[in-house]
Amino acid sequence: MATANRKRIPWLGIVLALVAIFVVAWWLFGDNARSFAKTGTAYGAKTACSCRYISGRDLDSCGDDFISGMALIMLSEDEAARSVTASMPFVADNTAQFREGFGCVLEPWEG
């Protein structure tokens with residue numbers, strides 16, 4: 001009986017190496033990434049709130065006002081509170097609320 005020589009792919013080693021690379025990258029660049037995400041979601045919330053509650057447009061069209069590089073930011077609205085939340089999952093989120101006489105105002109940042 002002949003046995004075939006098959007090369008075994010070390011899947012566990014590959015997965016562990018990728019996780020290690022991700023952890024090191026997050027450790028090196030995580031603070032910058034969180035800062036950019038916080039700023040981007042604040043811009044997104046303010047822009048989308050103005051689009052929705054000042055211009056009267058549909059929330060789905062408000063993402064068209066974003067600058068390039070903001071594709072990961074998701075929008076949701078609370079019609080009762082007249083607010084829009086922009087979020088980057090697991091990283092940052094910001095909410096802007098329409099206030100008569102003031103326009104769209106961001107909620108204060110914590111920390």
Side-chain angles (χ1 to χ4, degrees):
M1 237 189 329
T3 58
N5 274 341
R6 285 195 236 173
K7 291 184 180 181
R8 295 182 64 185
I9 299 174
W11 290 109
L12 182 60
I14 292 171
V15 170
L16 289 175
L18 290 173
V19 168
I21 290 169
F22 177 78
V23 168
V24 168
W26 190 255
W27 180 69
L28 290 173
F29 305 110
D31 287 337
N32 287 338
R34 282 187 292 277
S35 296
F36 282 124
K38 191 73 171 170
T39 304
T41 55
Y43 173 82
K46 174 77 168 74
T47 301
C49 178
S50 297
C51 165
R52 178 73 179 100
Y53 293 106
I54 294 174
S55 297
R57 293 172 34 207
D58 185 39
L59 186 65
D60 293 334
S61 74
C62 294
D64 297 340
D65 296 343
F66 288 176
I67 59 175
S68 64
M70 295 182 65
L72 295 178
I73 294 178
M74 298 186 303
L75 299 173
S76 61
E77 71 176 310
D78 181 351
E79 290 185 38
R82 296 178 77 176
S83 66
V84 174
T85 299
S87 62
M88 187 174 285
F90 307 110
V91 183
D93 63 359
N94 272 288
T95 301
Q97 182 179 28
F98 177 76
R99 296 183 185 160
E100 197 65 47
F102 294 96
C104 288
V105 179
L106 285 171
E107 290 182 353
W109 288 7
E110 295 178 16

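Please read these numbers as outputs of a predicted model, since none were measured by experiment.
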Asks: Over all heavy atoms of both residues, which pair between Ala45 and Ala96 is shortest? Give the atoms and the distance, please.
Replies: O-CB, 3.5 Å
Asks: Kindly check if the number of other-residue, nucleotide or ligand heavy atoms within 6.0 Å of CZ (Phe98) is above 12?
Replies: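 Counting neighbours around CZ of Phe98, more than 12 heavy atoms of other residues, nucleotides or ligands fall under 6.0 Å, so yes.
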Asks: Using every non-hydrogen atom in the two residues, find where Ser50 and Cys104 come nearest and quote the distance to one decimal.
Replies: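 Nearest heavy atoms, Ser50 then Cys104: N-SG, 3.3 Å.
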Asks: Measure across Cys62 and Ala48 and return the closest heavy-atom pair with its distance rounded to 0.1 Å.
Replies: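 For Cys62 versus Ala48, the nearest heavy atoms are SG-O, 3.9 Å.
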Asks: Hydrophobic cluster membership, with links at side-chain heavy-atom distances under 4.5 Å among I/L/V/M/F/W/Y: are Phe22 and Trp11 in one?
Replies: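 Different clusters: Phe22 never reaches Trp11 through Ile, Leu, Val, Met, Phe, Trp or Tyr contacts under 4.5 Å.
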Asks: What's the separation between atom CD in Gln97 and atom OG1 in Thr85, rounded to the nearest 0.5 Å?
Replies: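 The distance works out to 10.0 Å.
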Asks: Hey, does Ile73 have a side-chain heavy atom less than 4.5 Å from the side chain of Tyr43?
Replies: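 They are not in side-chain contact.
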Asks: Identify each donor-acceptor pair in which a side-chain atom of residues 74-83 lies under 3.5 Å from a protein atom, sequence neighbours left out, and give them as a table.
Replies:
unit_1: Glu77; atom_1: OE1; unit_2: Arg52; atom_2: NE; d: 3.0
unit_1: Glu77; atom_1: OE1; unit_2: Tyr53; atom_2: OH; d: 2.7
unit_1: Glu77; atom_1: OE2; unit_2: Arg52; atom_2: NE; d: 3.4
unit_1: Asp78; atom_1: OD1; unit_2: Ala80; atom_2: N; d: 3.2
unit_1: Asp78; atom_1: OD1; unit_2: Ala81; atom_2: N; d: 3.3

Asks: Hey, are the side chains of Glu107 and Asn94 touching, using non-hydrogen atoms and a 4.5 Å cut-off?
Replies: no
Asks: Would you give the length of the straight line joining atom CE of Met88 to atom CE of Met70, rounded to the nearest 0.5 angstrom?
Replies: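 Atom-to-atom, Met88:CE and Met70:CE are 8.0 Å apart.
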Asks: Give the cluster check for Leu72 versus Phe66: same hydrophobic cluster or not, with ILVMFWY residues linked at side-chain heavy-atom distances below 4.5 Å.
Replies: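 Yes, Leu72 and Phe66 fall within the same hydrophobic cluster.
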Asks: How close do Ala86 and Gly44 get, counting heavy atoms only, and between which atoms?
Replies: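 It is CB-C, 3.9 Å.
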